[in-house]
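The structure under discussion appears below in the form of C-alpha cells.
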Amino acid sequence: MEQKDLTPESPVVREPEPVTEEERLRRARPGLKDWLELRLGWWGFVRKNLDEPMPPGVGWWQTLGNLVLTLLVFQFVTGIALAMYYSPSPDTAYQSVKHITENVTLGSFVRGLHSYGSSAIMIAIVLHILRTFFWGSYKRPRELTWVVGSVIFMIMLGFSFTGYLLPWDQKAYWATVVGTRIIATVPLVGESLLVLVRGGEEVGALTLTRFYAIHIMLLPAGLIALTGLHLYLVRRHHIAGPVTPVKGRPRPFYPSQLFKDAVVVLVGVGAVVFLAIAMPPGLEGVADPTGTDFAPRPEWYFLGLYELLKIMPPGYEVLATFVIPGIISVGMLILPWLDRSRSRHPGKRQLIIDLAMAVILLIGLCTLKGILETPPPHTPSEASHSAAAPETATMAER
Amino acid sequence: MSEPTQSTKFGEEPESPQRRKVLGWLVGVINLLVVGAVIGPVLGFMGGPLARRRESPQWIPVMDESDLPDGSVREVKYAVRVQDGYRIANHEYVVYLKRNGSEVIALDPTCTHLGCRVKYQEEKSRFFCPCHGGVFDAEGKVVSGPPPRALDRHSAKFEGGKVWVKREA
Ligand code: HEM
Ligand code: FES
C-alpha cells in the first residue's frame, strides 16, 4: 500500500480509527514543531544516535574518536578567527601574527588554542589509531573505516606541515626550507615536485600563498568530507566490542558512554586551554633567508622523521625521506588486507602486531631522540627581542 | 514495527531514571564548559576592533593660506598616518575647503544620502552627487535631491600661513 512508504513517524500510519474532526485538522495543519520533525526527522536522528548500542566492554578507550572530533571543531573555529587577522604575504605575515599575539584582544590565547590544539589533536589521533589497531577494529566489515581514517591522518600531517610556515618567522621558514627539500629526494620527479610544492625554485611569496590555500581551503574541504564519511561508517557498522567478548547485553550510548566521552573531552580541552594560558605561543625573529646560524627544527611530531634522516649513512637519505615513510603509509592504508586473519585477538595475529610494534618503536624512539636533542621552545620574552636576537638565543641554548 | 523498549533492547537492568538524569545533567555542564572555552575567547577576539579606542583627531596642515583666495572652494588631499591593523598606513583623505574672509570651512565630500563622493563644479558653485542626483550649495547645504542633510563639516582654521584641518570622527 502507498501509505507504507511514509516514515514510521508519520501520523498517517499510526492513525487510530475513527478520526475526530479536530484530529483531522491537526493532521492537515501540523504545528511548526511537528511539521519540522516530519520533514527533518531531527529528533529521531538524535534519539537514534543516543540509543546507539554499545557492546559490553566498550568504555574509556572508545572515547578517543570523540575527543579528536571535538578538537577538530576547536581547530576550525580558532582557525577561522585567526584568518580574520592574518595576512599571507612575506611582507605582512610576520607582522600580522605579531599583531595578533601582542595587540589583538585575546590574540595570544586564541593563537595558543590553535597551536596547542594541533599538537593535542595529533596525540589524540595517534592514540585513537593505536586503540583501533590493537582492538583489530579495522577488520571486516570496518576496513573502509580504517582506510578513510588513514587518509584523514595524512591530511592531518598536511595541516601541520602547511600551518607551520604561516607565522613566517625563522622557525617556520627554515623548517619549510628543509621539509620541502625532502620532497626533492623522491626518485626521478623529485626536483619537479619540489618546484610544484614551493610554487617556485625557492621558499617565498608563492610558497606562502600556496601553503595558505592548502591549509585553509583544500585540506579542510577534504577533511570535512572524509570525517563525515568516517562517522557514517562508524555508525553503519556500529562499534566493535572487545576482542574477547564480555558477558552481558549492550547498553545505549546515552548516558554512560556519552558521559565518559564528555569527561575525556573536558580533560583534553582543559589541557589545551591550560597550555595556551600558561605558555603562550612565541614568535621568533622574522624569516631571514640569509641567516646562517639558525638550526632548523620541525614541529615535534615530525622530529622522528628528522632524526631518521640524521642517522642515515650518506647516500641513503632517500630511505628515510621516501622509502621508509612510503612503506609505512602504504602499509597503513592496506592494513585490513595485509592482515587477513579472522580473529581480532592480538594473540592470533602475532606477525602484524610484531611488525606494528617495530614501527611504533622506531617512530617513538626517533621522536624521543629528537625531542631530547631539541632546545626548549622560546618563551615569549625571548621572542620579543629584535629580529636579530633569536638566532643568537638559539645558539646560546645549545 | 514497534519501537523496542529500553528493557528489551539493552542490559537486563535498564538504567535507572535517576542515573540517566544525573549523567545527562553532567554531560550538559561539561558541554557548556567546553563550548564556552572556545566560543568565549573567539568572540572576544573577533570583536576586538569594537574595544579599540579611536585615535583622537589631530590638527593637520593641508595647504598654504595664500592658495585659498577669498570666496573660493578648493579640493585638497592629505594623508594621515594611522595604525591599520598590523600595519602603519598613510590613509588618504579629501576635503573641500571654502574661504569666507578670515574664516575657513572644511566640507566632507561624502554625500549624506548613501555615501557617494560628491564633486564640486566651479562654474555652478554647486556640489553634485553622481549617484542619485543630490545637489548641495558651496556651503554644503542641500539644494535638491534625496540627501537628508547638509554635507558634514570638519574643524578648520588658519594659523601661521597654513590651513589646518582636524577630522571629526
Ligand atoms: C578526524 C579524525 C577522526 C575522527 C573525528 C574520528 C572519529 C571516530 C569516532 C567518533 C569513532 C567511534 C568511537 C571510537 O572508537 O573512538 C571512530 C572509530 C573508528 N576510527 Fe576514527 N576518527 C578519526 C580518525 C581516524 C584514524 C586516523 C583512523 C585510523 C587510521 C581511524 C580508525 C577508526 C576505526 C577503525 C574505527 C572503528 C572502531 C570500532 O568500531 O571499534 N579513525 N572514529
Ligand atoms: S548618494 Fe548622493 S544622492 Fe544618493
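- For B:Phe45 and A:Tyr85, the ring centers sit closer than 6.0 Å to each other.
- Cysteines B:Cys111 and B:Cys131 have SG atoms no closer than 2.5 angstrom.
- Chosen from A:Leu106, A:Asn103, A:Val272, the residue pairing most often with chain B at heavy-atom distances under 4.5 Å is A:Leu106.
- With a 4.5 Å cut-off on non-hydrogen atoms, A:Phe109 touches chain B through its side chain but not through its backbone.
- Annotation: cation-pi geometry satisfied between B:Arg99 and B:Phe158 (NZ/CZ under 6.0 angstrom from ring centroid, within 45° of ring axis).
- Counting non-hydrogen atoms of neighbouring residues, nucleotides and ligands closer than 6.0 angstrom, the CZ atom of A:Arg235 exceeds 12 such neighbours.
- Contact annotation for A:Thr70: only side-chain heavy atoms (C-beta onward) come within less than 4.5 Å of a heavy atom of chain B.
- Under the 4.0 Å criterion applied to side-chain N and carboxylate O atoms, B:Asp64 and B:Lys162 are assigned as salt-bridge partners.
- Ring orientation note: the planes of A:Tyr173 and A:Trp168 are nearly perpendicular, at an angle over 60° on the 30°/60° scale.
- The contact between A:Leu113 and chain B is made entirely by side chain atoms (from C-beta outward), counting heavy-atom distances below 4.5 Å.
- Ranking A:Leu266, A:Val269, A:Thr78, A:Val73 against chain B, the residue ahead of the rest is A:Leu266, based on heavy-atom pairs under 4.5 Å.
- With a threshold of 4.5 angstrom between heavy atoms, A:Leu82 approaches chain B through its backbone and through its side chain.
- For A:Val263, the parts sitting under 4.5 Å from any heavy atom of chain B are the backbone and the side chain alike.
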